[in-house]
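Here's the structure we're looking at; comments come further down.
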There are 2 protein chains.
Amino acid sequence: MKPSDRNITTALRRHGYKLTPQRCAVVHAITSSQDHLTPTAIFEKVSQNHPGIGLVTVYRTLKLLAELELICELHTGGNCPSYTAGTSHHHHHLVCSGCGKVVDFASPRLIEHNVVELEGRLSRESGFRIDDHLLEFTGLCQLCQKAPASSV
Amino acid sequence: MKPSDRNITTALRRHGYKLTPQRCAVVHAITSSQDHLTPTAIFEKVSQNHPGIGLVTVYRTLKLLAELELICELHTGGNCPSYTAGTSHHHHHLVCSGCGKVVDFASPRLIEHNVVELEGRLSRESGFRIDDHLLEFTGLCQLCQKAPASSV
DNA sequence: CTGTAACTGATAATACTTTTCAATTAGCAG
DNA sequence: CTGCTAATTGAAAAGTATTATCAGTTACAG
Ligand SMILES: [Mn+2]
Ligand SMILES: [Mn+2]
Ligand SMILES: [Zn+2]
Ligand SMILES: [Zn+2]
């Protein structure tokens, strides 16, 4: 077991969760890759050394690890696609993680300027051709701060 | 038909698409709301004045309008959830819209500083309690710039 | 060891989106 | 105005992703 694995597994134990071979396998699949992996990709990776593991268990473990913030989950969990008019002007989003409400805002020129500069640097370093950027804030809207989240 | 509707419908015609009542209804549902609406919400809204419309048609129309960039689609279409180790340090993402590859990067202190300032302002203006932010660039990785996208 | 609550995996259920295809229709030519 | 035709629609089915149920198994505290 690699040290990076141990960090996570001991954290699991510390939180009172049992250390099953399945959970260890999922952790190892994640720590042993540089990439962001989809649940299915992780399942396939785990299945090699641990045939018979259920995809369900992979989902459960990922959810658990992400909740404990032991792994990085990409994309704000929110209900993914939603649509609105007025795509014309470049803008960004403030998303309520309670009810899903979205507020559009324009980011100040200063930030946009810095971001464009950063785009240039990242592009040079990574070889990506960068087309667009997205600045997104997540939090709780006024209503959801009071009431416990009422979901969409 | 509101002027904002007309903008979109004439654009549709200009691109050679037929102007069906269903499409007009979907466009109107979107332009007549301030919010970002999910496909289902749009379907329900349209169904009121246009019972019998198929959910399929709503999906088709949304896809069309988004492709023509006549409406704003929230969240980078990408295959939503993916996981990686090392959530400890705050970082951001560079995502390939061709193959889904994700590169992590730390944004420069200058940007983080500006963003925190912006958070304060947005919070005051909107009443949101802001918990986190996400800066995401989308583009094409080196491979996908050559080969036509090979999907995940 | 033993007991038990936590955990697993097969299955089913749910949810969301796309495909298929026969019937309908928008919009053009005449 | 017709009449034609390719585009479009909607019902149904299929595909895909995720979650719930539940009987059997297992990690681990005592
Ligand atoms: Mn928007
Ligand atoms: Mn990451
Ligand atoms: Zn809210
Ligand atoms: Zn790529």
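To find a chain, count down the sequence lines: A is the first, B the second, and so on, and within it residues start at 1. All figures in this text were calculated on a predicted structure; none of them were measured in a lab.
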Would you mind reading off the bend of the helix from C/dC1-D/dG30 to C/dG30-D/dC1 from its two end axes, five pairs each, to 10 degrees? 30°
Whole-Å gap separating [atom2] ([N]) and [atom1] ([X]):
{"X": "A/Phe43", "N": "C/dT8", "atom1": "CZ", "atom2": "C1'", "result": "13 Å"}
{"X": "A/Leu55", "N": "D/dT19", "atom1": "CG", "atom2": "P", "result": "11 Å"}
{"X": "B/Glu67", "N": "C/dT17", "atom1": "CD", "atom2": "C1'", "result": "14 Å"}
{"X": "A/Leu12", "N": "C/dC7", "atom1": "CG", "atom2": "C1'", "result": "13 Å"}
{"X": "A/Lys63", "N": "D/dA17", "atom1": "NZ", "atom2": "C1'", "result": "14 Å"}
{"X": "A/Tyr59", "N": "C/dA10", "atom1": "OH", "atom2": "C1'", "result": "16 Å"}

If you define the side chain from C-beta out and look only at heavy atoms, does anything of B/Glu117 sit under 4.5 Å from B/His113?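 Answer yes - side chains close enough.
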Side-chain donor-acceptor contact under 3.5 Å, [X] with [Y]:
{"X": "B/Thr31", "Y": "B/Asp5", "value": "yes"}
{"X": "A/Glu67", "Y": "A/His15", "value": "no"}
{"X": "B/Glu73", "Y": "B/His36", "value": "no"}
{"X": "A/His133", "Y": "A/His90", "value": "yes"}
{"X": "B/Gln22", "Y": "B/His50", "value": "no"}
{"X": "A/His28", "Y": "A/Asn49", "value": "no"}

Go through the steps for B/Arg60 and B/Val58 under the test side-chain contact (heavy atoms from CB on, under 4.5 Å), then give the verdict. CA-CA 5 Å; B/Arg60 274 191 289 236; B/Val58 173; over 6 Å; no
Restricting to side-chain hydrogen bond (donor to acceptor under 3.5 Å, both in side chains), what partner residues turn up for A/Asp132, sequence neighbours left out?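 Partners of A/Asp132 under the side-chain hydrogen bond (donor to acceptor under 3.5 Å, both in side chains) test: none.
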Given D/dG10, D/dA20, C/dT17, identify the nucleotide with an atom nearest to the side chain of B/Ile53.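 Side chain of B/Ile53 sits closest to D/dG10.
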Nearest-nucleotide comparison on DNA chain C, the residue closer to the 5′ end among A/Val56 and B/Arg60: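 The residue closer to the strand's 5' end, by nearest nucleotide, is A/Val56.
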Treating primed atoms plus P, OP1 and OP2 as sugar-phosphate and everything else as base, which nucleotides of nucleotides 24-30 of chain C get B, S or - for protein heavy atoms under 4.0 Å? --BSS--
